[in-house]
Amino acid sequence: MNQRRNRTRFTEDQLKILIKAFDQNPYPGYATKQRLALEVNTDESRVQIWFQNRRARHQSQKKSEPDEDLESSQDQDHAEEEIQSREDRRRRSSYTPSQLHTLIQAFTNNPYPGIDTREQLAKEIGIPESRVQIWFQNRRSRFHVQRKREPHDQD
DNA sequence: CCTAATCTTATCAAGCGCAGCTTGATAAGCCCATTAGG
């Protein structure tokens, strides 16, 4: 059926490691996320989601605090520097026509597959489930964009 | 209730082939995205 992945429960030890890494760099590259995943014994995709959620929480918290003490006056270009030092992304995947065919067919059948369907697909075509999920996200996104660009006279 | 999982939208960037398109990967979401599991 169409259900979510089981909710991950991080232990305190795991969180300690993740938080420490987050404080050092809230935008880890793929290699760092993989290393962390190994260290806390989970999947890289869970580490990725954890960082995304933590950034969302942290940034909202940041906004509510003015924090104009004696630190920000010294280096104003800190933000740019932060972006520049971003680590490498995951290497771009490339799918065979056969894999794409299977994905597209599944998409036509259901653009919002649950975890079971995604994992089954992943197994079937031999790519990680996280890539399947990203593929569906991108596909849906572009489907929506195209719809906006060429609005049909109906609706 | 807390926060992992999910969704949309926008953007970066690899690959191809040599200008600019296609598409996988990543980030943000604003009175602070929504949904839902335990």
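Letters go in sequence order (proteins before strands), and every chain restarts at 1. Model, not experiment: these values are computed from the prediction.
Considering only residues two or more places apart in sequence or on other chains, A:E39 meets the salt bridge (charged side-chain N to carboxylate O under 4.0 Å, His left out) condition with A:R35. For A:I19, the side-chain contact (heavy atoms from CB on, under 4.5 Å) test picks out A:L15, A:D23, A:W50, A:R54, with sequence neighbours left out. Applying the side-chain contact (heavy atoms from CB on, under 4.5 Å) test to A:E129 and every residue at least two apart in sequence or in another chain returns A:R5, A:I115, A:R118, A:E119, A:A122, A:Q133.
Taking atom P on both nucleotides, B:dG17 is separated from B:dG38 by 48 Å, rounded to a whole Å.
When hydrophobic side chains of Ile, Leu, Val, Met, Phe, Trp and Tyr are connected at separations under 4.5 Å, A:I134 ends up as a singleton with no cluster partners.
Residue A:R54 is out of contact with every strand shown, counting any heavy-atom pair closer than 4.0 Å. No contact: A:R139 has no heavy atom under 4.0 Å from any strand.
Within 3.5 Å, a donor on the side chain of A:R7 pairs with an acceptor on the base of B:dT3, or the reverse. Checked by distance alone, A:R89 brings a side-chain donor or acceptor within 3.5 Å of a matching partner on the base of B:dC12. Between the base of B:dG37 and the side chain of A:R5 there is no donor-acceptor pair shorter than 3.5 Å.
Using the Watson-Crick or G-U wobble rule with both distances under 3.5 Å, B:dC30 pairs with nothing in any strand shown.
Contacts between residues 36-47 of chain A and DNA chain B, defined by a heavy-atom separation below 4.0 Å, involve A:R46, listed by number.
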Do any side-chain atoms of residues 136-143 of chain A form donor-acceptor pairs under 3.5 angstrom with protein atoms, and if so which ones, sequence neighbours left out?
from   : atom 1 : to     : atom 2 : distance (Å)
A:R140 : NH1    : A:P111 : O      : 2.8

